[in-house]
Amino acid sequence: MVRERTVFHVDVNSAYLSWEAVWRLQHGSTLDLRTIPSVVGGDAESRHGIVLTKSIPAKKFGIQTGEVLWQARQKCPNLVVVPPNYSLYMMCHQALLDLLHDFSPNVQVFSIDEAFIEYTGSESVQGDAVAAAYRLKDRIRNELGFTVNVGVGPNKLLAKMAGEFSKPDKVHTCWPEEIASKMWPLPVGELFGVGRATTPKLQRLNIMTIGDLANAPDEMLARHLKSYGALLKASAQGQEFSDVGPDFRPPMKGIGNSSTIPFDCDTLQEAKLVLLSLTEMVCMRLRQTGLCARLVSVSIRNSSMNGRGHQHRMDAATDNTFRIYETACRLFGEMWQGPSEKIRNFGVRVSDLSLADFMQMSILQPYDERKKRLDDTLDRIRFRYGTQSVQRAAFLASGIAPVMGGVPEENFPVMSNIV
DNA sequence: TCTGGGGTCCTAGGACCC
DNA sequence: TCTGGGGTCCTAGGACCC
């Protein structure tokens, strides 16, 4: 049967852990991490000790993604914890992408381990959609060594929901006539868009399953969830109309980096170094994409895990590290209570972006050619020799990294265009 | 024993203008 | 003698995703 529209969703099973397992097997290990209770976890010493990905056996112990490692170990004393290796994951991501592009010209990357494929119109060449989904799944397993789930449906939402039905190494469909039997019995929290905060809200309204949500009165949803209620109800009914395609990527809205530092910061001097370090990374990425920003936001989280943020709209867009750093410092100064408040996490983010080519000259902040040259020089050195190859003198013996935050080698837009 | 990092979108209240 | 109302911008905060 040929459908009006057919979309695939491909999702790597326990991505980081699978990739780690495959790499180890290929490098002489006899132990397959996927077959034992194991997790990829951050470094507890530097206060990054959470579960990033769990194996299926680990899941059976009740271990959850995002959980702190010591809690996970309490649930499973024999838990094997391995550190993350992001460059390996980027390579695996690329390998998967290459294979998907070989399978179809219409691939939309959704995250490091997920992608959509528009299969509409491919039946005449590749045959029945479900059979093709099985071929794709098996080919990934045989050629790359890790398993995926492939969800098949009439739109991106249902394809994605289908991919979740059971794991690993599975193909599932969720066609319109299957929504009631396959999707509606699931707990409402399983629906894309229903998270930690909305689940209890819906449960209080006696909405326990996706089916309950699909049949809930509009007026009640609007009263408790505003416009989000109608969106979620439409999702529960399987309605979603966005396109698949690399061209459909929404333009980038902002660039930010944040970091939990290994110690609690309680001096202005240290705080400013952390802010500079983050600003270096943010601005490097900003200049790399040829953009300038007008809005600077700083966020902090203190030792009690309470967080807040401040933002400032500058008179003119800039990509200059020093200007953005100065703004960030001022914002921090405005919201920090002083040494009594110990800060564990800092974030710097820029938004309200515009093309650097059309950067406005501001009368208040005259364009500073020397600052621009310094930025360009540092960028070139760091691009060639690595981010740690040059550093500002203030960082020497500070114990604070001169450039902080990850550089995503690829931009992963969230499905903001869903609906 | 201690809780990551990268994003996007929506809402609400106050300021300000006409 | 009485105190409108709509629109937009700015800022903070919360929700969601992987």
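Since this is a predicted model, take the numbers as computed values, not measurements. Below, chain A is the first sequence line, B the second, and so on; all start at residue 1.
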According to side chain to side chain donor-acceptor pair (under 3.5 Å), who are the partners of A:R223, at least two apart in sequence or on a separate chain? A:E219
Would you tell me if any nitrogen or oxygen in the side chain of A:R196 comes within less than 4.0 Å of OP1 or OP2 on C:dG14? no
Using a cut-off of less than 4.0 Å, is there contact between a side-chain N or O of A:N345 and OP1 or OP2 of B:dG5? yes
Check whether A:E67 reaches the backbone of A:Q64 with its side chain - one donor and one acceptor, N or O, closer than 3.5 Å. yes
Is any side-chain nitrogen or oxygen of A:T260 closer than 4.0 Å to OP1 or OP2 of B:dT3? no
Identify whether any heavy atom of A:E114 sits under 4.0 Å from a base atom; if not, whether one sits that close to sugar-phosphate; answer base, sugar-phosphate or nothing. sugar-phosphate
Rounded to whole Å, the CD-C1' distance (A:E190 to C:dC18) equals 16 Å
Do you know which of A:T147, A:D169, A:N13 makes side-chain hydrogen bond (donor to acceptor under 3.5 Å, both in side chains) with A:R141? A:D169
What residues in residues 297-312 of chain A put a non-hydrogen atom under 4.0 Å from any atom of DNA chain C? A:R308, A:G309, A:H310, A:Q311
By nearest-heavy-atom nucleotide on DNA chain B, the more 5' of A:G254 and A:S227 is A:G254
Scanning all shown strands, the Watson-Crick or wobble mate of B:dC16 with both distances under 3.5 Å is C:dG7
Respond yes when some side-chain nitrogen or oxygen of A:R344 is under 4.0 Å from OP1 or OP2 of B:dT3, and no when none is. yes
Does B:dG5 have OP1 or OP2 sitting under 4.0 Å from an N or O in the side chain of A:S259? yes
Can you tell me how the ring of A:F192 sits relative to the ring of A:F110, calling it parallel under 30°, perpendicular over 60° and tilted otherwise? tilted
Tell me whether the side-chain N/O atoms of A:H48 come closer than 4.0 Å to OP1 or OP2 in B:dT3. no
Specify the glycosidic conformation (syn or anti) of B:dC2, with syn defined as within 90° of 0. syn
Under the 6.0 Å and 45° cation-pi test, does A:K371 pair with A:F322? no
Can you see if the side chain of A:N257 gets near the phosphate of B:dG5 - specifically, an N or O under 4.0 Å from OP1 or OP2? no
On DNA chain B, does the nearest nucleotide to A:K253 precede the nearest nucleotide to A:V68 from the 5' side, or the other way round? Give the residue. A:V68
With distance as the sole criterion, is a donor-acceptor pair present between the side chains of A:T321 and A:R287 under 3.5 Å? yes
Name the orientation class of the two ring planes belonging to A:W19 and A:F146 (parallel below 30°, tilted from 30 to 60°, perpendicular beyond 60°). perpendicular
